[in-house]
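Structure, as structure tokens:
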Amino acid sequence: MTVQRIQSEDCSVASLLQSFYAVPDYQREYVWDTDEVEQLLKDVREEMGDGGAQDAPEYFIGSIVVCPGRDGVLELIDGQQRMTTIYIMLCAIRDRLEEIHAPASSVLNAQIADAAVDVSGEERRRYRLDLQYEDSGDALTALADGEAIEAPSTQSMRNMQNAHRVAIRFLNSEFGQDVKAVRKFYGYLTNKVKLIRIETEDVAKALKIFETINDRGVGLDSMDLLKNLLFMKTPKGQFDRLKHTWKELQDTIFRMGEKPLRFLRYFIFSRYDVELLREDEIYGWLSKNDTLVGYGRDPIGFAKELVSAAKAYECFRAGKNEKGERNPFLDNIRFLGGKAARQHLILLLAGRHLGPALFDRLTAEVENLFFCYVITREPTRDFERDFAKWATELRHVRKEDELDAFISARFDEAKANLTNRFDDAMGRLTLSSLQLYRFRYVLAKLTQQVDLWAYGDTEATMWLGNYVSGGYEVEHIFPQTPCAEAAKEFGEVSDPEIVQRLGNLVLVEKSINTSLGNRPYSEKRPVYQQSKLLLTRALSERPKVGANTRIDRAVASIEPYAEWNETSLHKRQRSLVTLARAVWGLPEQAHSP
């Protein structure tokens, strides 16, 4: 059996930078921002104290993991954030000393770049730290050469530019024009600041140590650790393939503005039989379930599966199906969910194997149930767990009757249990009791559905966005600041929230709303008749939308009002609750508590 040697030693910055390092192209980008750079500078300054570097204590700032690379260069497997920052700090010290007209330091310059002899015996200048990942561009070499980073094109380049500025600003504010003080800080940094360098014989062992050091997420999250895990399982000759696949995954997640760990967590819920999993438990779960997940057998295949899921996730969030085709129900969820709501994506990912018709049916049911959870204020944690549990069943659905059975057992049952709370929430709904974007969703959805029943799917009726932002405004039937005649006509007000109640609100065209103002209902009523929206015209006459029994019953409750007062307003709100049950697919009669 071959025994691999692992060397571990504590090294000062000066001794570390007697070697040359390369950050492999599969490593993550430079991500430190102002706070992290400033914190390291301040920590070093505090440890140095006000005396000389000779008397100050040593200061350990962590570990790095390396393995031999080509031409005597050490590949930096872990610790590149600290090493890159230290390197930038040295460049900043050199630049600051030059600004205050101090003589150049040959030692400092050699810690940034020095001559080296390659395998052919040729002598050439080599940087002590070489970033080989694409996003680094030429930013670090520019700083090493004492040049500005011109037009940084990636976040890594911008972060390096910022780190240099932060270091220059720190040196200026802390030491001013005092050359001796700057040199003292440099002396402490290079001689007393130390790291533990762990060196292995090959990259596989180095990656394993990286995993061991970070297996509790210290300084890294589960996404970084998963990336490392996949590289551990990939033959080195296939690193480029994995690198490009992983970059595609990162680019997709970044493009849609999603949190990587939320995507990864929801992917696991949708793909495996897992109901509960915190973000900080993701890596632990993955590392223990290789047999189930299969990343050990085919790490690149697993990475491609993540890319496929991420692209579907991106489409769903944008209101489209997996093929990128606009879907009315997914589009509706965008108006309902806002920026934070994502739990429904567990089910959509689990059901993306369904054919187009079945997937459309699923999305419609997901929208309806998701709204029921929102309006009844069901705890997010509870229905997220339900969605994760149901995903296991949904993955096995293939036929229409199987989907019907699944929807009946899960969605319909959940809505039946919520019916009383749904009626109560809708019955008390006011403009101030729900986020404005969600209230507009409610009013638009009620209005749209009556038009759909009457006219069917047309380009004008099938997209909720036409009602949310298609030139319509929320109109208060009894005005918020009524004129004297309107107040007299409405009569006594006993409900302080009466003006903001759903029953007092209606969508109207902007052009019509301008003419309504704070006038009394008797003057507004004929104006409502000019609207294209049936639910708005229903204030004056009952809409006729066809012979469907349930639709007839829903619309029958929307009767016209000859006059507008508190009684008629509350009556209209109750009628809208009946309409809402039909719109979102709840049972017609409330269940007993």
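Using a cutoff of 4.0 Å between basic side-chain nitrogens and carboxylate oxygens, Lys192 and Glu58 are not scored as salt-bridged. Note on Asp145 versus Arg125: salt bridge recorded, some NZ/NE/NH1/NH2 to OD/OE distance being below 4.0 Å. Ion pairing of Arg183 with Asp178 is absent here, as no side-chain N (NZ or NE/NH1/NH2) approaches a carboxylate O to less than 4.0 Å. Here Lys320 does not pair with Glu325 in a salt bridge; the nearest charged N to carboxylate O distance is not below 4.0 Å. Using a cut-off of 4.0 Å between Lys/Arg side-chain N and Asp/Glu carboxylate O, Glu258 and Arg262 are scored as salt-bridged. Ion pairing between a basic and an acidic side chain is recognised when a charged N comes within 4.0 Å of a carboxylate O; Arg128 and Asp114 show such pairing.
Counting only distance, with no hydrogens or angles, the side chain of Asp290 and the backbone of Tyr295 share a donor-acceptor pair below 3.5 Å. Of the possible polar contacts, none joining the Thr190 side chain to the Tyr186 backbone as a donor-acceptor pair under 3.5 Å is found. Side-chain atoms of Tyr21 come within 3.5 Å of backbone N or O of Leu16 as a donor-acceptor pair. With Arg158 contributing its side chain and Ala151 its backbone, the two residues share no donor-acceptor pair below 3.5 Å. Of the possible donor and acceptor atoms, one in the side chain of Arg395 sits under 3.5 Å from a partner among the backbone N and O of Ser270. Between the side chain of Gln81 and the main chain of Glu29, a donor-acceptor pair closer than 3.5 Å is present. Proximity of a side-chain donor or acceptor of Ser15 to a complementary backbone N or O of Cys11 within less than 3.5 Å is not detected.
Across Asn332 and Tyr441, no two heavy atoms sit closer than the pair O-CE1, 3.7 Å. When all heavy atoms are compared, the tightest approach of Pro24 to Ile77 is CG-CD1, 4.3 Å.
Considering only heavy atoms from C-beta on, Phe387 stays 4.5 Å or farther from Tyr266 through its side chain.
Counting only residues at least two apart or on different chains, the salt bridge (Lys or Arg N to Asp or Glu O under 4.0 Å) pairs with a member in residues 295-313 are Glu248-Lys311, Arg271-Glu305.
Annotation: the span from Trp285 atom CH2 to Leu277 atom CG amounts to 7.5 Å, rounded to 0.5 Å.
In terms of the salt bridge (Lys or Arg N to Asp or Glu O under 4.0 Å) criterion, residue partners of Arg278 (sequence neighbours excluded) are, by chain and number, Asp280, Glu281.
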Identify every side-chain donor-acceptor pair in residues 164-172 under 3.5 Å, counting partners at least two apart or on other chains, and give the distances.
residue : atom : partner : partner atom : Å
His164  : NE2  : Asp95   : OD2          : 2.8
Arg169  : NH2  : Glu38   : OE2          : 3.4
Asn172  : OD1  : Arg96   : NH2          : 2.9

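Side-chain rings of Phe231 and Phe239 approach one another, their centers coming within less than 6.0 Å.
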